[in-house]
Amino acid sequence: MPDTAQITASYGRRFIVRTPAGAVFDATTRKKRVDFACGDWVRISPVNSEQAVIEDYLPRQSLLYRQDAWKTKLIAANVDKLFIVTAAVPAPNELLQRALLAAEAAGIGAVVVANKADLPETAAWREKLSFYESLGYPVIETCALDNANNLRPLMQGHTNIFLGQSGMGKSTLTNALLGSDAARVGEISTALDSGKHTTTHAQLYDLNEETKLIDSPGLQEFGLHHLDAAQLLRYFPDLHHLAGQCRFHNCTHRAEPGCAVKSAAEAGEIREARLAFLQRITDELLR
Ligand SMILES: Nc1nc2c(ncn2[C@@H]2O[C@H](COP(=O)(O)OP(=O)(O)O)[C@@H](O)[C@H]2O)c(=O)[nH]1
Ligand SMILES: [Mg+2]
Ligand SMILES: [Zn+2]
């Protein structure tokens with residue numbers, strides 16, 4: 001008789017699952033293809049008091065994933081708040097913008113964390129992040145080395161996830177919130193090495209009875225192949241109003257006549273950098 005349980009850790013093909021009563025099992029799947037993610041509620045068949053087999057997953061409230069031209073990688077299921085952890089050091093890449101698109105597409109609320117507020121480089125980064133604040137995303141500054149208490153009110157009652165590049169401080173923030181060293185922290189210098197000291201799998205923690213937090217491995221890439229190029233504008237709060245306004249349904253927003261986005265850019269109504277980002281993602285999806 002199958003029981004239900006939640007996946008609290010996913011190691012590729014092996015999982016840790018926990019029942020509502022608190023029983024924990026080491027679990028494998030029957031199928032070769034693994035389509036379960038940390039946060040999934042699943043039906044399990046216990047094999048003994050320590051091991052179980054995952055039969056199936058229950059309907060998901062949300063699914064966060066990324067996809068490149070070849071494969072799909074599940075990030076987490078049933079998350080309803082995404083905290084994108086950024087810092088001035090190491091150098092931020094395009095991941096923030098991509099993760100925001102993925103959050104919009106998945107219908108998940110997003111918060112931008114500006115960690116390492118203690119570093120002098122943070123001043124310039126703060127300025128860059130003000131753009132995202134103007135789009136309506138909360139931008140919260142933290143210094144994980146002190147505490148992360150200003151994140152607590154935003155997390156309360158939600159299933160939250162920390163997502164971001166390696167070395168931004170996701171695991172340090174997790175530990176600050178848990179008041180323990182449960183999550184493995186990597187030194188900046190080794191964060192991009194073999195992964196020995198960095199987070200290698202997604203892990204779900206309880207902050208309190210109603211509040212969960214998933215710490216995830218650093219992402220170098222965030223493929224968005226699961227998004228539809230024609231729908232892309234809807235996921236940009238600053239370009240949203242231009243959705244459906246281009247003459248061509250499959251407009252690449254480069255040289256087409258009647259491109260509403262190009263017109264808005266020429267009129268100085270939208271940022272050049274955002275147009276360039278939109279063009280890049282559109283090309284990627286149409287390729
Ligand atoms: N100066 C400073 N360093 C931090 C802060 N938060 C984390 N770090 C350091 O950044 C490095 C990477 O942290 P880690 O939590 O492993 O990052 P993750 O890869 O995002 O999980 C470690 O050396 C941390 O001590 C912070 O607020 N300020
Ligand atoms: Mg980590
Ligand atoms: Zn266009």
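Counting starts at 1 for both ligands and their atoms, following the listed order.
- Taking the centre and axis of the six-membered ring of Y57, the NZ or CZ atom of R60 falls inside the cone set by 45° and 6.0 Å.
- For ligand 1, the atoms sitting less than 4.0 Å from at least one non-hydrogen atom of C143 are 27 (O), numbered in the order shown with element in parentheses.
- Checking S171 against the Mg ion (ligand 2), an N/O/S atom falls under the 2.8 Å cut-off.
- Between the side chains of H158 and Q156, no donor N or O sits under 3.5 Å from an acceptor N or O.
- S171 and D215 are linked by a side-chain donor-acceptor pair at a separation below 3.5 angstrom, with hydrogens and angles left out of the test.
- Residue L145 holds the heavy atom nearest to atom 25 (O) of ligand 1 of all those in D146, L119, L145.
- For ligand 1 and K170, the ligand atoms under 4.0 Å from any heavy atom of the residue are 15 (O), 17 (O), 18 (P), 19 (O), 20 (O), 21 (O).
- T142 and N115 are linked by a side-chain donor-acceptor pair at a separation below 3.5 angstrom, with hydrogens and angles left out of the test.
- Remark: R14 CZ is loosely packed, at most 12 non-hydrogen atoms of other residues, nucleotides or ligands lying under 6.0 Å away.
- Rounding to 10 degrees gives 110° for the angle at the Zn ion (ligand 3) between SG of C251 and SG of C259.
- Of all N, O or S atoms in H253, the one lying closest to the Zn ion (ligand 3) is ND1.
- Here D118 has side-chain heavy atoms under 4.0 Å from ligand 1, and that is the only part of it that gets that close.
- Within a 6.0 Å radius of CD in E256, other residues, nucleotides and ligands contribute more than 12 heavy atoms.
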